[in-house]
Amino acid sequence: MGQSKPFRATALVVEDDPMQREMICLLLEESDMDVIECESAEAAELVLEETGASLVLMMTDVQLAGHKNGVELAHVAKNINPDIDVIVTSGKPLRQKLPDGARFWAKPWAPLDVIREAERMSIAWSRMGEA
């Protein structure tokens, strides 16, 4: 009999810059998270509608491909799953109000910040599974 794969926390990464998106995804995957990646808010909305309740983290840039920005997407994510941890990032000052519980990270942020966040979310996720 094969061993079953333990459930892992899942994160959604929304970034239109392929190199930044890949880096964030690799950092999260190295921290034992499953990752879904999107380059636009519209694509991310579809993911949120289908699997939003099971996501523990969404990290999004403010400026995205498509018609919506990351702050608007953060509001959508929090409406679908109020418990999701949302991080909005930008190299420019934030000009829109984030939903309650969402956080802003100014670029450049350190890769270690992403690893720490993933570890914090993985610990919280594993505690939920024990309950």
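Every heavy atom of this structure was used, including side-chain atoms; hydrogens, water molecules and symmetry mates were not.
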Is it the case that the side chain of S31 and the backbone of M33 share a donor-acceptor pair, with hydrogens and angles ignored and the cut-off at 3.5 Å? no
Under a 4.0 Å threshold between the charged nitrogen and the carboxylate oxygen, would R120 count as salt-bridged to E117? yes
Rounding to 0.5 Å, atoms NE2 (H75) and CG (L98) come to a distance of 6.5 Å
Flag for K107-Q20: side-chain donor and acceptor within less than 3.5 Å: yes
Closest non-hydrogen atom pair between L64 and T60, with its separation: CD1-OG1, 3.6 Å
For E49, does the CD atom have more than 12 heavy-atom neighbours from other residues, nucleotides or ligands under 6.0 Å away? yes
Nearest heavy-atom approach of C38 to R21 is O-CD, 3.5 Å
Candidate pair I80 and L55, rule side chain to side chain contact (heavy atoms under 4.5 Å, CB included), full reasoning: CA-CA 10 Å; I80 291 173; L55 297 172; over 6 Å; no
Is there a side-chain contact between E30 and I115 in this structure, where contact means two heavy atoms from C-beta onward sitting under 4.5 Å apart? no
Start with the C-alpha distance between D32 and E119, add both sets of side-chain angles, then the distance that settles side chain to side chain contact (heavy atoms under 4.5 Å, CB included), and finish with yes or no. CA-CA 8 Å; D32 288 331; E119 288 172 353; over 6 Å; no
How close do V14 and A44 get, counting heavy atoms only, and between which atoms? CG2-CB, 3.6 Å
Under the side-chain contact (heavy atoms from CB on, under 4.5 Å) test against V35, which residue among V13, T10, L57 passes? V13
What distance do S54 atom OG and I84 atom CD1 have between them, rounded to the nearest 0.5 Å? 8.5 Å
Here the pair of heavy atoms bringing T89 nearest to F104 is C-CE1, 4.1 Å
If you compare all heavy atoms of A77 against all heavy atoms of V86, which two are closest, and at what distance to 0.1 Å? CB-CG2, 4.3 Å
Atom CD1 in I87, atom CH2 in W105: separation rounded to 0.5 Å? 4.0 Å
Output for pair (E37 CD, L28 CG), nearest 0.5 Å, gives 10.5 Å
Check whether any side-chain N or O of D113 sits under 3.5 Å from a backbone N or O of W109 as a donor-acceptor pair, and report yes or no. no
Atom pair NZ/OG of K68 and S40 - distance to nearest 0.5 Å: 10.5 Å
Treating N69 as the side-chain partner and V62 as the backbone partner, does any N or O pair qualify as donor plus acceptor under 3.5 Å? no
Heavy-atom count around Q63 CD within 6.0 Å, excluding the residue itself: above 12? no
Give a yes or no on whether the backbone of E39 and the side-chain of E15 come within a donor-acceptor separation of less than 3.5 Å. no
Mind checking the CD1-CE spacing from I24 to M19? Nearest 0.5 Å is all I need. 12.0 Å
Apply the side-chain contact (heavy atoms from CB on, under 4.5 Å) test between M58 and each candidate in V47, N81, L48, V76; give the one that qualifies. L48
Any heavy-atom pair between the side chains of L73 and V88 that's under 4.5 Å? no
Identify the two heavy atoms, one from A65 and one from E42, that lie closest to each other, and give their separation to 0.1 Å. O-OE1, 3.7 Å
Between R103 and D85, does any NZ, NE, NH1 or NH2 come within less than 4.0 Å of an OD or OE carboxylate oxygen? yes
Would you indicate whether the side-chain heavy atoms of M59 and V114 approach each other to under 4.5 Å? yes
